[in-house]
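Please read all numbers here as calculations on a predicted model, not as lab measurements. Every number for a ligand or one of its atoms is a count from 1 in the order of the listing.
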Amino acid sequence: MLTIGFIGAGNMAKAMMQGWAGNADIHQVVYSPNSGAQVAAELGLEAKQSALDVWAESDMVVLAMPPAQLEAVAKDLQLGIMMKPSVIVASVLGGVSLATLHAAFGEHVMVARTLPNVNVALKYGYTALAFDANMDQDVKGAIAALFLELGRTDELPEEQFGAVSALAGSGPAFVAAFAEAMTQAGIQAGIAPDTAARLAEQTVVGTARHMGDLKKDPMTLAHEVMTPGGSTAAGWEALEQGNLNGLVADAIQATMKKNAEFE
Ligand SMILES: NC(=O)C1=CN([C@@H]2O[C@H](COP(=O)(O)OP(=O)(O)OC[C@H]3O[C@@H](n4cnc5c(N)ncnc54)[C@H](O)[C@@H]3O)[C@@H](O)[C@H]2O)C=CC1
Ligand SMILES: O=C(O)[C@@H]1CCC=N1
């Protein structure tokens, strides 16, 4: 039995807990000052009274609190790190580098920097991973296997994490924004709000599965839908005139700029 401990019980932590919940070989414990007990009860996990209690019981500790809490949490864990240095730290803290994590926890602590997205809740996530240069291959493999269970993963250079965070970490929000824009356009066109929302959601879900399951890239699928001289091509032209690509590029750049402020 492997014990994964969470420090923080917000949206990202919950998504990971949900993703690993069905695995009978994983025991999950959680501490969060406000919501830990409630989230643990909701998901059938064990709530702990402190970050130190989580550390004492865990093989791997997931740091999933706001990045600004890093120093405070590291201080709370000082005794645990001395008593049980074998615990692996998997940080999901946006913009917090391996170097910063080591500065907080000490050089000898095994640390992985991970960047998951909320779709890990249903094992359809994407997680970027970066490891200490000297981390043992077996430990790397074990961490990667855990995240692979939650969807796709890649080991990527840390300097790409700002861009990866914008595309894959923040990405679900941006795809959701497109679904919302379609819903609003449907309402404007006279469709009842709940029907418009259902149409938009099913279209986004179905399109994602179509590309994924049938292995089609976006433009192949788009061309299949665009009957030559038909109505989709007219709508596509409006998207191009409105510079959808430019707008998305701007959103990614703005997200990366903010990520760079955290680094
Ligand atoms: N939400 C997302 O899609 C993603 C979030 N992240 C990262 O995950 C981390 C958490 O983000 P969210 O879940 O979105 O935020 P959130 O606000 O939903 O959750 C933060 C959690 O940390 C807890 N917390 C605050 N101070 C604490 C402390 N001193 N000790 C223990 N727990 C404490 C809060 O009670 C709350 O449960 C951030 O570092 C963020 O960069 C990374 C990738 C994606
Ligand atoms: O918005 C944020 O700061 C975090 C990082 C990636 C997704 N959510």
Side-chain angles (χ1 to χ4, degrees), residues 4-20 28-43 45-58 61-81 89-98 100-101 104-105 111-122 124-130 147 150-154 156 158 160-177 251-263:
I4 301 178
F6 287 85
I7 298 182
N11 293 309
M12 194 60 244
K14 270 176 79 171
M16 296 169 81
M17 292 170 194
Q18 285 167 316
W20 281 319
Q28 301 189 83
V29 301
V30 55
Y31 165 71
S32 178
N34 310 314
S35 50
Q38 190 198 321
V39 169
E42 206 180 296
L43 300 180
L45 315 178
E46 191 184 340
K48 292 286 175 190
Q49 294 302 314
S50 68
L52 200 53
D53 287 350
V54 165
W55 187 277
E57 191 158 330
S58 301
V61 165
V62 177
L63 300 179
M65 65 289 172
Q69 291 295 311
L70 177 64
E71 289 300 326
V73 168
K75 198 160 165 255
D76 289 347
L77 291 174
Q78 237 168 17
L79 189 64
I81 294 166
V89 173
S91 165
V92 307
L93 310 184
V96 177
S97 66
L98 287 169
T100 303
L101 291 164
F105 287 95
V111 173
R113 180 176 177 186
T114 79
L115 184 61
N117 67 19
V118 286
N119 295 335
V120 295
L122 27 115
Y124 249 100
Y126 177 83
T127 308
L129 301 168
F147 281 92
L150 305 182
R152 291 190 184 173
T153 69
D154 288 308
L156 292 176
E158 263 202 292
Q160 290 179 14
F161 267 52
V164 173
S165 181
L167 244 70
S170 306
F174 302 147
V175 174
I252 296 298
Q253 286 298 326
T255 312
M256 287 175 65
K257 190 166 171 239
K258 187 73 181 172
N259 284 331
E261 283 174 25
F262 294 136
E263 285 280 349

Undergrad: Given K14, M16, Q69, which one has a non-hydrogen atom that is nearest to atom 28 (C) of ligand 1?
TA: Q69
Undergrad: So which heavy atom in the protein is nearest atom 3 (O) of ligand 2, and how far is it from that ligand atom?
TA: F262 CE1, 4.6 Å
Undergrad: Is G94 near ligand 2, meaning one of its heavy atoms is under 4.0 Å from it?
TA: no
Undergrad: Between M12 and ligand 1, find which residue part has any heavy-atom pair under 4.0 Å and reply side chain, backbone, both or neither.
TA: both
Undergrad: Taking the non-hydrogen atoms of P66, is any one of them nearer than 4.0 angstrom to ligand 1?
TA: yes
Undergrad: Can you name the atoms of ligand 2, numbered from 1 with element, that are less than 4.0 Å from a heavy atom of G169?
TA: 6 (C), 7 (C)
Undergrad: With backbone taken as N, CA, C and O and side chain as the heavy atoms from C-beta onward, which portion of V73 lies under 4.0 Å from ligand 1: side chain, backbone, both, or neither?
TA: side chain
Undergrad: Just which atoms of ligand 1 are under 4.0 Å from any heavy atom in I7?
TA: 31 (C)
Undergrad: Yes or no, since that's all I need: does a protein heavy atom fall within a distance strictly under 4.0 Å of atom 24 (N) of ligand 1?
TA: yes
Undergrad: Less than 4.0 Å is my threshold; does some heavy atom of N117 fall inside it relative to ligand 1?
TA: no
Undergrad: Among G8, S91, A64, G10, whose heavy atom sits nearest atom 10 (C) of ligand 1?
TA: A64
Undergrad: Within the protein, is there a heavy atom lying under 4.0 Å from atom 37 (O) of ligand 1?
TA: yes
Undergrad: Under a 4.0 angstrom heavy-atom cut-off, which atoms of ligand 1 come close to N34?
TA: 35 (O)
Undergrad: For ligand 1, which atoms, with element, lie under 4.0 Å from some heavy atom of P67?
TA: 38 (C), 39 (O)
Undergrad: Between A72 and ligand 1, which residue portion shows a heavy-atom distance shorter than 4.0 Å: side chain, backbone, both, or neither?
TA: neither
Undergrad: Checking contacts now, so for atom 6 (C) of ligand 2, which I'm interested in, is there any protein heavy atom under 4.0 Å?
TA: yes
Undergrad: Within the 4.0 Å heavy-atom shell around M65, which atoms of ligand 1 are there?
TA: 9 (C), 10 (C), 22 (O), 24 (N), 27 (C), 32 (N), 33 (C), 38 (C), 39 (O)
Undergrad: Taking the side chain from S35 and the backbone from Q38, do they hold a donor-acceptor pair closer than 3.5 Å?
TA: no
Undergrad: Do any N/O atoms on L93 end up under 3.5 angstrom from N/O atoms on ligand 1?
TA: no
